[in-house]
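Note sheet for the following structure.
Remember, it's 1-based here, ligands and their atoms both numbered in the order they're listed.
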Amino acid sequence: MILSEVLIDEKEIRKRVEELGKGISADYAGKDLVVIGILKGAVVFLSDLVRCIDRDVGVTLDFMAVSSYGDSTNTSGIVRIIKDLDCSIRGKHVLIVEDIVDTGLTLSYLVKMMLEREPESVRVCALLDKVERRKVEVAVQYTGFVIPDYFVVGYGLDYSGRWRNLPSVHVVVPERGDEA
Ligand code: IMP
């Protein structure tokens with residue numbers, strides 16, 4: 001795969017992340033909120049997002065690492081927990097922060113698993129959403145950008161572990177000779 005055009009640039013990302021932070025600040029004002037980052041893809045987004053949430057929300061951070069069985073560009077829906085949360089979320093307001101929702105399989109599994117732990121509430125914030133690829137319904141309360149069915153990298157998202165460090169979101173395309 002090779003890096004292709006910029007789909008969303010740094011400036012657009014910054015503006016949208018600020019808007020998301022404002023919305024979250026308004027919705028959780030005066031409350032405590034456990035922000036859960038899904039490793040590794042959500043790390044860059046989460047670190048910008050939490051700095052856009054006001055101080056009158058009592059934010060704490062936790063992380064979960066999951067791996068979905070499948071090939072490099074497709075998920076199977078079977079999710080394995082590589083790293084679980086450090087703290088209990090029982091009775092807490094929870095915000096799951098994801099890099100991208102594609103088929104929705106990973107997220108629907110995660111939401112179900114969180115709900116079994118009896119939090120006060122669970123919401124989802126995803127930077128990107130490929131709505132047209134959805135296989136299972138999953139409610140995303142805060143969405144950065146709805147994007148077409150491209151494979152994208154940058155701003156935390158990877159292809160085979162690469163390109164997470166790019167400040168913008170780029171499309172990747174197959175190189176001549178790559179498998180279809
Ligand atoms: P889903 O279970 O199909 O919704 O897949 C979600 C996960 O697949 C994301 O958390 C990403 O790790 C990965 N993913 C899906 N689409 C892309 C993409 O375009 N670029 C990078 N990772 C992606």
Ligand-residue contact atoms, ligand 1 with [X], heavy atoms, under 4.0 Å:
| X | value |
| --- | --- |
| Leu105 | 2 (O), 4 (O) |
| Glu98 | 10 (O) |
| Tyr150 | 19 (O) |
| Thr106 | 1 (P), 2 (O), 5 (O), 6 (C) |
| Lys130 | 16 (N), 17 (C), 18 (C), 19 (O) |
| Thr103 | 1 (P), 2 (O), 3 (O), 4 (O) |

Report yes or no: does a heavy atom of [X] sit under 4.0 Å from some atom of ligand 1?
| X | answer |
| --- | --- |
| Val153 | no |
| Asp158 | yes |
| Gly104 | yes |

Strictly below 4.0 Å, N to O, side chains only: are [X] and [Y] in salt-bridge contact?
| X | Y | value |
| --- | --- | --- |
| Asp99 | Lys40 | no |
| Asp84 | Arg117 | yes |
| Glu19 | Arg16 | yes |

>> Quick check for you: to the nearest 0.5 Å, what is the distance between Ile13 atom CD1 and Leu128 atom CG?
In response: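 The CD1 atom of Ile13 sits 7.5 Å away from the CG atom of Leu128.
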Going by atom type alone, with no hydrogens or angles, which donor-acceptor pairs under 3.5 Å involve a side-chain atom of residues 91-98 and a protein atom two or more places apart or on another chain?
residue: Lys92; atom: NZ; partner: Ser88; partner atom: O; Å: 3.4
residue: His93; atom: ND1; partner: Ser121; partner atom: OG; Å: 2.6

> Do any N/O atoms on Val152 end up under 3.5 angstrom from N/O atoms on ligand 1?
Replying inline: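 There is such a contact, yes.
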> Within the side chain of Asp9, is there an N or O that forms a donor-acceptor pair under 3.5 Å with the backbone of Ser168?
Replying inline: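 The answer is no, because no donor-acceptor pair under 3.5 Å joins these two groups.
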> Does any pair with a residue in residues 137-156 pass side chain to side chain donor-acceptor pair (under 3.5 Å), and if so which ones, sequence neighbours excluded?
Replying inline: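 For residues 137-156: Asp27-Tyr142, Asp48-Tyr155, Arg123-Tyr142.
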